[in-house]
Protein chains: 2
Amino acid sequence: MVTLKEIAEKAGVHPSVISKVVNGKPVSIRDDTRNRILALLKELNYQPNKAAQNLKKGSNRAIGMVVPDFFNTVYAEIIHGAENMAAQLEYTLFVYSLKQKELQDDYLPRSIKQQIDGILIASSDIDDSDVLALMDELPLVLVNRLSKGIDSYVVADDSGGAKKAVAHLLELGHTQIAHISGPLYTGTGLNRFQGYRAALNEKDIPFHPALMVEAPYSLVGGYNAMNELFKAPVQPTALFASNLLVAIGALKACNEHNIRVPDDLSIVTLHDAEIAAMMTPALTTVKLPLYEMGETAVKQLVSLIDENHKKGTVVEGTELIRRDSTKKWKR
Amino acid sequence: MVTLKEIAEKAGVHPSVISKVVNGKPVSIRDDTRNRILALLKELNYQPNKAAQNLKKGSNRAIGMVVPDFFNTVYAEIIHGAENMAAQLEYTLFVYSLKQKELQDDYLPRSIKQQIDGILIASSDIDDSDVLALMDELPLVLVNRLSKGIDSYVVADDSGGAKKAVAHLLELGHTQIAHISGPLYTGTGLNRFQGYRAALNEKDIPFHPALMVEAPYSLVGGYNAMNELFKAPVQPTALFASNLLVAIGALKACNEHNIRVPDDLSIVTLHDAEIAAMMTPALTTVKLPLYEMGETAVKQLVSLIDENHKKGTVVEGTELIRRDSTKKWKR
DNA sequence: CTGTTAGCGCTTTCAG
DNA sequence: CTGAAAGCGCTAACAG
């Protein structure tokens, strides 16, 4: 690895001159020396040493992102959006999954905390109190989650999306609409539930608690919840599932119970991904702007780092994607 | 952020002494000063500055991992295994997805290359030549892929797994067994294809080229390939799909063509994940030790970094998981 | 326009 | 047992 000093020797100038050239500092440098240096730089393929720069400047142009795990395509899309924006802003993005265990002694290992200038938290497995503590150490923005006392976040229009999904069901003539909600201690779970309630309200359809089950955002979560629903005193003709994985799990349960989708039960869910179209029947979804959320989150974090701009944004834009899992109700 | 020097001042000793205490150096230090220092360290919550350490030592205890994208649960499992082992070995793992674009000027951005001591390549989108070039710069191990001229890799027993899958079909009485292979320019695609051939050979069943279609490892890849297969002059009674996503895509195509699985067509595939059980019918798979591969890859990379041990390992252990997509053939 | 100097925070070798 | 000093590679303020 060639260093500034070496270049300086070969060029017969002082290292600091090289530094100025490399960093394009607004100082005047004689053209011939500048060119000589530039040539050398290229010839020897000079690459500044990051560790030295970091030490000197006390910053890395790197940000971290914490996701619960890598199995959920919802996060995959957020990550890709974040990666893209980070690259545009010339930041490096490091992604980690964080399980409970690691939170115990320290919220984030030092090895990570010290290499980044700010962090994106996209995991709802981390307690509010831990997030608050983290916020004292680093610029932080929440992604697709909310936390008491933190007004720096990027979320989708969960309640609007939910409302749109349920309104679709309503339009199809359904009135017995079940909801498998996300965990109600999460912002997304709560907002989606509220969207569901709001849509029902608009049509003066009473909320029936027996038609609602709370479940984690996972395949088995949806599967188990649907099985719960089968035990309800009234049977729904449609289901609004809080998330794609939940919907897939619910669909499985329906298949096992010989409930035909969409003939016996219409299903609509939030989040769109390729897999939704590959299910049988292909799932009707409301697409959330996940990619954009990732982008926005990085943009916002960087502005927080650079200018201490703190704010919350909800990325608008939800889109109903009609496929084959919803159908007009007539009986 | 409190520094060594500050601690030293408060303790009334020289910074270097603190350094020795912090790092548990095998030098004798009087008990009372050591305790005094230790107390101070805790009280002020001293955290060594990583950038300074990196600069000084020229190493980071960090490794990178490159995956094609975050949508594939196959990689999710490898990542989790790698994360786990990295944590055990006290390395930090940074994961990135790498698309074509970024490869153009430089295989890996400097911002990343310089922060890591070695790299795991789990993406087959990167050309062999690029991988070779990268290997000149960094200790490198290939994960779940092979590359000409690189004998540092960790792969699963792809051909053994494939053979096991096809043997299962054979045992069920199938003889017209189609194969949707992975890209044959990849090591995994090739090995799985060979396993398929080997299983057929053992039962003296001729290989029928019309029953084989090459496809990328993706949902649409499988979907399109299956549609190709429907045009074949002979119709298979069973399918061996090279990968779980491919199988899901193929299943979708079958559903659209009213081919009942498993009655008209049995399907078996490689890789197991929760989603396999959630399909209807639940997919029979051969489980590959992905998590272990991730672990092994990190272990091997670290031994390459520390002791320059270069080797290739195939992580053995494949397991047939019978579910509902395969069935005895009788007609 | 170019050079000097100092120092980021830490580790390590050598001396006391 | 503890201190001094040097230096990793780079940057920035200041001097020449």
Side-chain angles (χ1 to χ4, degrees), chain A residues 1-41 44-62 90 92 110-111 113-117 137, chain B residues 1-41 44-62 90 92 110-111 113-117 137:
Chain A
M1 194 92 296
V2 44
T3 69
L4 266 196
K5 213 161 66 173
E6 289 166 29
I7 306 266
E9 273 167 23
K10 304 217 196 232
V13 297
H14 194 271
S16 65
V17 181
I18 315 282
S19 172
K20 283 163 198 154
V21 172
V22 170
N23 297 303
K25 278 284 140 78
V27 282
S28 30
I29 287 178
R30 226 189 302 132
D31 267 1
D32 61 329
T33 65
R34 153 168 275 126
N35 289 143
R36 189 155 33 100
I37 292 173
L38 251 19
L40 240 8
L41 251 25
L44 302 180
N45 185 30
Y46 170 72
Q47 311 255 113
N49 179 309
K50 254 255 163 200
Q53 287 181 321
N54 293 346
L55 175 57
K56 183 70 191 178
K57 307 215 212 161
S59 122
N60 268 16
R61 286 195 87 75
E90 302 196 292
T92 306
R110 179 184 70 90
S111 55
K113 233 165 12 190
Q114 292 209 354
Q115 316 244 45
I116 58 181
D117 303 321
E137 309 192 50
Chain B
M1 192 95 298
V2 45
T3 69
L4 267 196
K5 212 160 69 172
E6 288 166 29
I7 306 267
E9 271 166 23
K10 304 214 195 232
V13 296
H14 194 271
S16 64
V17 181
I18 314 282
S19 172
K20 282 162 199 157
V21 172
V22 170
N23 296 303
K25 278 284 141 70
V27 284
S28 29
I29 286 176
R30 226 189 302 130
D31 267 3
D32 60 329
T33 64
R34 154 168 275 127
N35 290 142
R36 190 155 33 100
I37 292 172
L38 253 18
L40 242 4
L41 252 24
L44 303 180
N45 185 30
Y46 170 71
Q47 310 255 113
N49 178 310
K50 255 255 163 198
Q53 287 180 323
N54 293 346
L55 175 57
K56 184 71 193 174
K57 305 212 209 163
S59 123
N60 268 13
R61 287 195 86 74
E90 301 195 293
T92 306
R110 178 184 71 90
S111 55
K113 233 166 16 192
Q114 291 209 357
Q115 315 244 46
I116 57 180
D117 302 321
E137 309 192 50

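In what follows, chains carry the letters A, B, and so on, assigned in the order in which the sequence lines appear, proteins first and then strands, with residues in each chain numbered from 1. Computed from a predicted model, the values in this text were never measured in an experiment.
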Query - Footprint string (nucleotides 8-16 of chain D, 5' to 3'): B base within contact, S backbone only, - free, heavy atoms under 4.0 Å - result: BBBBBB---
Query raised in the report: Quick one: do A:K113 and A:E137 make a salt bridge, cutoff under 4.0 Å?
Result: yes
Query raised in the report: Out of curiosity, B:Q115 CD to B:S59 OG, how far, rounded to the nearest 0.5 Å?
Result: 12.5 Å
Query raised in the report: Does a side chain donor of either B:N60 or B:D117 reach within less than 3.5 Å of an acceptor in the other side chain?
Result: no
Query raised in the report: C:dT12 P sits how many Å from B:I29 CD1, rounded?
Result: 14 Å
Query raised in the report: Taking atom NZ of A:K5 and atom OG of A:S16, what is their separation to the nearest 0.5 Å?
Result: 13.5 Å
Query raised in the report: To the nearest 0.5 Å, what is the distance between NZ (A:K10) and CZ (A:R36)?
Result: 14.0 Å
Requested in this report: Look at the side-chain N and O atoms of B:T33 and state whether any lies under 4.0 Å from the OP1 or OP2 oxygen of D:dC1.
Outcome: no
